[in-house]
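Values in this document were obtained by computation on a predicted structure and should not be read as measured data. Each ligand, and each atom within it, is numbered from 1 in the order the structure gives.
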Amino acid sequence: MASGGFLRKAYWGLAGAGLIYALAIGALTYPVLQRNATYAHNVNPSYWQNLSNVEQFGFLHHQVQPFTVTTPDNVTLFAWHILPTHLYMQHEEALKAQGDFGQKPYAQAAETVGLRLLLEDPKATVVVSFHGNAAHLASSHRPATYQQFLGTSSSERPVHVIAFDYRGFGWSTGSPTEDGVIQDSVSLLSALTGHASTSSDVSVSPSSLKASQIILVGQSLGTFISSALYHEWAITLGRAPFRALVLFASFTSLTNLLDSYSIKGLTPPLLSPLLAYPKIQKYFLSKLVDKWDTNLRLVELVSNPGIELDLTMIHARDDWEIPWNEGRKSWERVLEAATSSAGVEIEFSRDRDLEIWASVDGRKKLRWQRVSHGGHNRIPTSEHARLAIMRLLEQ
Ligand SMILES: *[C@@H]1O[C@H](CO)[C@@H](O)[C@H](O)[C@H]1NC(C)=O
Ligand SMILES: *[C@@H]1O[C@H](CO)[C@@H](O)[C@H](O)[C@H]1NC(C)=O
């Protein structure tokens, strides 16, 4: 009897779990709920954290200049410019003497001591960071990521960092959609390079950056956004390409990812219970409002012979949120598209942990690297991230 009772309980328990799962998946077919789940922007500690008080995130007094950029659809984006420590040391007095260090519109921020050290130095490089989903630019591992990039800086070759929040994240207004977050990136990069954000006009002011001084680095969701920005910038707007694109824990598309994505590595892949019900799975996937199709963009970029692209993809073998073979699939498609043109294999390791390819004309450089450790969020805080940036600076 006892075992009968147990079985009955187990049965209803399982049926209950199934029902909750069905309700949850069903609810996700509503765009608002779906975007809340995929962008997770409402997991937002900036409700109680002050993002302008940067010392709490490990930075020095007046090392970070908070600024805002307004998009053509009137969203206000919140961003940080972070000065490398050796420049901070050199200019400490002038930096500290600036009384008002609060957030400012970009045009005003561009006049501050810190940003002028970037904008007026043609030898400077800036890493623009595209973070993953949830929370804000200063959450959890993110400041450590910026420190890794800043660690590549030297007086001969200064490296600055710009980090920002997409619409709906942190202190940025609005709420995220695929087109919206791409527009945000275009607006930020347009401000930095002195372009109007919607056209290919160059109304370059004396102190703006060249795209060739800018390295884009994305992690997780940020790999889609930075790739989509590159595509929009170089193909749609026909602008000069960026110095490089570095992707940590990338994936082919959200559609494919949902088959393998696991929440914090703790749950089984989200849609795996639906494997036995392909029709329901197909229905759910057809309801995806944002597709995050990174592959489509990367393949178009590598297939376009005129466009320069220096692409690095790094994935950790112990990434339990986006399994490394998701990144690998993306790499394989990119490489396949690339190798239909003339190229050279520079290095292909037997275990396929490292593959490097370049087009004969030098316009495309592609690199895949699988590393043993780093998980999903820690990987851009690892020395691999520093090395990846240093390699790009050496070229
Ligand atoms: C946030 O921090 C900045 C810098 O420390 C300070 O100027 C500002 O007053 C703070 N804002 C709030 C709302 O506490
Ligand atoms: C833009 O948004 C701000 C609030 O973020 C609002 O005060 C302003 O009126 C808006 N401007 C336009 C033209 O809609």
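- Asp179 and Thr177 form no side-chain donor-acceptor contact under 3.5 Å, judged by distance and modelled atom types alone.
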Need the list: ligand 1 N/O atoms against protein N/O atoms, distance under 3.5 Å, rounded to one decimal.
from: ligand 1; atom 1: 2 (O); to: Asn50; atom 2: OD1; distance (Å): 3.4
from: ligand 1; atom 1: 2 (O); to: Asn50; atom 2: ND2; distance (Å): 2.4
from: ligand 1; atom 1: 11 (N); to: Asn50; atom 2: ND2; distance (Å): 2.8
from: ligand 1; atom 1: 14 (O); to: Asn50; atom 2: ND2; distance (Å): 3.3

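- A side-chain N or O of Asn295 and one of Ser330 form a donor-acceptor pair less than 3.5 Å apart.
- No N or O atom of Thr173 sits closer than 3.5 Å to an N or O atom of ligand 2.
- A donor-acceptor pair shorter than 3.5 Å cannot be found between the side chains of His373 and Ser382.
- For the pairing with Gln148, the side chain to side chain donor-acceptor pair (under 3.5 Å) check across Arg386, His384, His141 returns one residue only, Arg386.
- Under the ring-ring contact (aromatic ring centres under 6.0 Å, His included) test applied with Phe164, the options Tyr146, Phe78, Phe130, Trp80 reduce to a single match, Phe130.
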Taking only distance into account, with no hydrogens and no angle test, what donor-acceptor pairs under 3.5 Å do side-chain atoms of residues 60-67 form with protein atoms, sequence neighbours excluded?
from: His61; atom 1: ND1; to: Glu55; atom 2: OE2; distance (Å): 3.1
from: His62; atom 1: ND1; to: Leu95; atom 2: O; distance (Å): 2.9
from: Gln63; atom 1: OE1; to: Leu60; atom 2: N; distance (Å): 2.9
from: Gln63; atom 1: NE2; to: Leu83; atom 2: O; distance (Å): 2.8
from: Gln65; atom 1: NE2; to: Gly102; atom 2: O; distance (Å): 3.1

